[in-house]
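Here the structure is laid out as structure tokens; the discussion comes afterwards.
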Amino acid sequence: MNRLLFRRARLLDPESGLDACGDLMVEGERIAAVGGGLSAAGRGAEVVEAGGLCLAPGLVDMRVQLREPGAEHMESVETAGQAAAAGGVTTMVALPNTNPPVDDISVVEFLARRAREVKLAKVHTYAAATKGLKGRDLTEMGLLAANGALGFTDGAQAVADALVMRRVLAYARTFDLLVVQHPEEPSLARAGEVSEGEIATRLGLPAIPSAAEVIMIERDLRLVEITGARYHVAHVSTAAGVEAIRRAKALELPVTCDTAPPYFVLNETAIGDYRTFAKLSPPLRSEWDRRAVVEGLRDGTIDAIASDHAPWDQDSKRLPFSSAAYGIVGLETLLPLSLELYHNSHLGLLEVIRRLACNPARILRLPVGRLAVGAPADLLLFDADTSWRISTDEFRSKSKNAPFDGRPVCGRVRRTIVDGRTIFQADI
Amino acid sequence: MQEAARDVAFRHRHLLGIEGLSPEEINHFLDLADGYVDLNRQAEKKRTLLRGRTIINCFFENSTRTRTSFEVAGKRLGGDVINMAVAVSSMHKGETLIDTAMTLNAMHPDVLIVRHPESGAVQLLSEKLDCAVINAGDGSHEHPTQALLDALTIRRRKGRLSGLTVAICGDVLHSRVARSNIALMNIVGARVRVVAPRTLLPAEIERLGVEVFHNMAEGLADVDIVMMLRLQSERMHGAFIPSTREYFHFFGLDYDKLRAAKPDALIMHPGPMNRGVEIGSAVADDIDRSLIRAQVEMGVAVRMACLEILTRDLGNGPPLP
């Protein structure tokens with residue numbers, strides 16, 4: 001049996017509150033022991049002298065676009081898996097906006113098979129909430145969930161019709177399933193590309209008011225009150241959106257949410273002179289909104305951080321701003337950008353890991369995201385303090401569309417382990 | 001006069017917008033254009049300044065007057081002007097924009113004049129080209145030669161720009177002419193107002209250095225210049241105004257509304273006009289107050305100045321690696 005012993009690591013387990021120097025033993029696919037002074041004697045284990053590096057549960061990225069099936073020239077299960085491994089992500093959850101979309105059991109099974117072949121990070125998928133992501137007819141949620149779909153969402157677009165959304169939530173509640181919403185009222189965002197305000201006005205670009213987010217969240221929260229379904233808001237990016245969710249949590253509605261690093265490390269000024277790499281959906285917001293997102297992460301209103309990985313080739317991004325695609329790649333920058341919250345003293349290290357691993361696993365009801373005996377050995381060894389510069393050329397992802405090239409960051413992945421297997425090791 | 005003008009450097013390779021230019025640079029354009037106005041009124045108008053130069057008019061959006069104005073300007077200076085009409089429908093939107101740029105670049109033009117329906121597209125093109133690029137209008141962003149010709153028209157009639165009050169009225173939301181004029185008038189020290197219904201104003205427009213009005217009588221009070229904007233029905237996704245009849249009633253320019261302005265206030269419009277929508281015919285054709293035809297004349301002179309300035313430092317050697 002494969003054995004691996006980490007010695008003298010800074011063990012970080014948000015679930016139990018553990019943050020101490022210690023050892024961790026992996027046997028086979030599981031964590032066999034956590035504690036001090038573990039010995040490898042007589043057990044033939046590979047010993048990793050961690051020397052104070054952080055050992056944490058592998059990251060659980062609850063929002064990744066794989067582009068497979070349908071657009072493998074931009075990304076595939078394999079290249080996304082390599083990017084995930086290099087980024088310390090041991091579980092990723094795919095959005096259903098592929099071609100064909102994940103609205104049928106066969107596509108769920110296809111992705112599962114591809115993940116088994118590739119054998120890098122674990123791959124799960126959401127399924128479409130409506131057939132063909134068209135916002136009208138419900139998918140076979142019960143059967144899709146029974147075959148592995150972790151939740152239901154129309155991906156990068158909102159379920160616009162209130163009646164359809166009510167039925168999605170009510171039907172999902174029948175089977176206790178998770179519904180994930182892209183929080184944007186489409187009629188207010190139609191043809192918009194950037195946040196409404198001075199920058200949009202100067203650049204002459206069609207704008208989206210930040211109210212488009214909170215209007216959709218508030219509508220859905222009323223429907224959650226009626227239906228009682230588990231509801232998750234993806235990439236919250238506005239102060240009003242964060243506040244609406246804060247109030248809903250105070251009322252103990254079954255609501256959770258995530259955000260993505262660009263929404264707490266950048267604001268709308270990153271667009272500069274029509275930088276399409278800063279064109280996101282939802283759009284980058286004002287500095288005031290950015291600070292509200294940081295505050296939401298700090299007080300726990302925002303449960304999780306996801307990469308919102310959206311690979312696009314050059315042909316999709318090197319276009320006039322209005323024609324360019326929305327989104328950036330994020331798997332390989334998720335950890336260092338999230339660690340900015342730690343280095344800027346907004347969150348403790350344990351709290352950063354909680355939002356990257358522990359909370360997403362809890363929301364998705366996956367048995368990962370913790371350093372517990374018997375849990376799957378999905379681990380991340382990282383150095384929280386090494387400073388380096390992001391270089392998009394070095395990305396494993398097939399697409400390099402990120403606005404972070406050259407950005408100095410702190411904290412680097414050293415080793416990524418899935419089910420006891422090392423899937424990435426930094427050559428340092 | 002021209003020798004003195006040459007001393008002022010124009011520090012840019014392209015003319016992509018008014019924002020970022022200095023008052024000296026703007027005056028440099030206007031001083032040079034002033035001379036060309038006189039030339040254009042002579043029987044013999046031909047110069048040889050651009051002999052051997054290739055100028056390509058590359059219009060991704062329909063235009064007759066701007067394209068013709070550039071063509072006349074280029075030919076008067078002795079350049080070879082080629083018109084390329086690229087209907088957007090035949091392109092897959094911006095998909096082939098970079099390809100188009102590379103193709104044009106291979107023909108070694110000296111100046112490319114570009115109009116494109118998307119904001120920022122001309123700048124994107126300019127990044128891929130070895131030649132000078134003039135923005136002839138990009139989406140709702142900028143239309144720098146229009147602002148320069150408006151400034152020249154005003155300066156010749158009023159003798160100055162600084163200290164004047166200019167009201168820009170109408171569809172500011174979709175207007176690149178408005179954005180370029182707001183920038184220019186701020187740079188040269190004029191006061192700018194915008195007058196429009198709230199649905200036709202972009203958010204935080206006041207941050208661009210304008211006073212905002214929603215009522216023509218108040219907005220036009222004591223102004224020196226009334227600039228009307230074309231109601232851009234082609235850019236209207238959805239209903240911004242209930243009807244053209246209601247629009248004219250509240251925001252269309254007629255003598256009644258003009259009474260609020262200074263007695264010698266002048267009227268401008270970038271054309272083409274929607275008569276009876278944003279401007280009444282009687283006002284538009286008032287030879288004492290309307291500068292609309294003068295604007296067209298100034299357009300050619302300003303574009304000649306732009307072509308001269310942007311080609312001035314072009315060498316004859318091969319492009320640098």
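Naming convention: chains lettered A, B, ... in sequence-line order (proteins, then strands); numbering from 1 in each chain.
- Taking the side chain to side chain donor-acceptor pair (under 3.5 Å) definition, one finds that A/E78 meets it with nothing, sequence neighbours left out.
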I'd like a table of donor-acceptor pairs (distance under 3.5 Å, sequence neighbours excluded) in which one partner is a side-chain atom from residues 402-409 of chain A, with atom names and distances.
| residue | atom | partner | partner atom | Å |
| --- | --- | --- | --- | --- |
| A/D405 | OD1 | A/T392 | N | 2.8 |
| A/D405 | OD1 | A/T392 | OG1 | 3.3 |
| A/R407 | NE | A/E340 | OE2 | 3.0 |
| A/R407 | NH2 | A/E340 | OE1 | 3.0 |
| A/R407 | NH2 | A/E340 | OE2 | 3.4 |

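- Heavy-atom neighbours of chain B within the stretch residues 239-247 of chain A, taken at a separation under 4.5 angstrom, are nonexistent.
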Determine, step by step, whether B/S119 and A/L205 satisfy the side-chain contact (heavy atoms from CB on, under 4.5 Å) criterion, reporting the C-alpha distance in whole Å, the side-chain angles of both residues, the deciding distance to 0.1 Å, and the verdict.
CA-CA 6 Å; B/S119 301; A/L205 291 172; 3.7 Å; yes

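- Of all heavy-atom pairs between A/S322 and B/E118, the closest is CB-OE1, 3.0 Å.
- For B/E19, the salt bridge (charged side-chain N to carboxylate O under 4.0 Å, His left out) partners at least two apart in sequence or on another chain are A/R202.
- Rounded to the nearest 0.5 Å, atoms CD1 (B/I205) and CD (A/E198) are 10.0 Å apart.
- B/R179 and A/T201 make their closest contact through NE-O, 2.6 Å (heavy atoms, listed as atom of the first residue, atom of the second, distance).
- No other option in B/H141, B/Q123, B/E142 has as many heavy-atom pairs under 4.5 Å with chain A as B/H141.
- Atoms OH and CG, on A/Y274 and B/D138 in that order, are 5.5 Å from each other to the nearest 0.5 Å.
- Closest approach of B/H116 to A/P320, counting heavy atoms only: CE1-CG, 4.2 Å.
- For B/R207, the parts lying near chain A are the backbone and the side chain together; criterion is any non-hydrogen pair under 4.5 Å.
- Residues B/L124 and A/L319 come closest through the heavy atom pair CD2-C, 3.3 Å.
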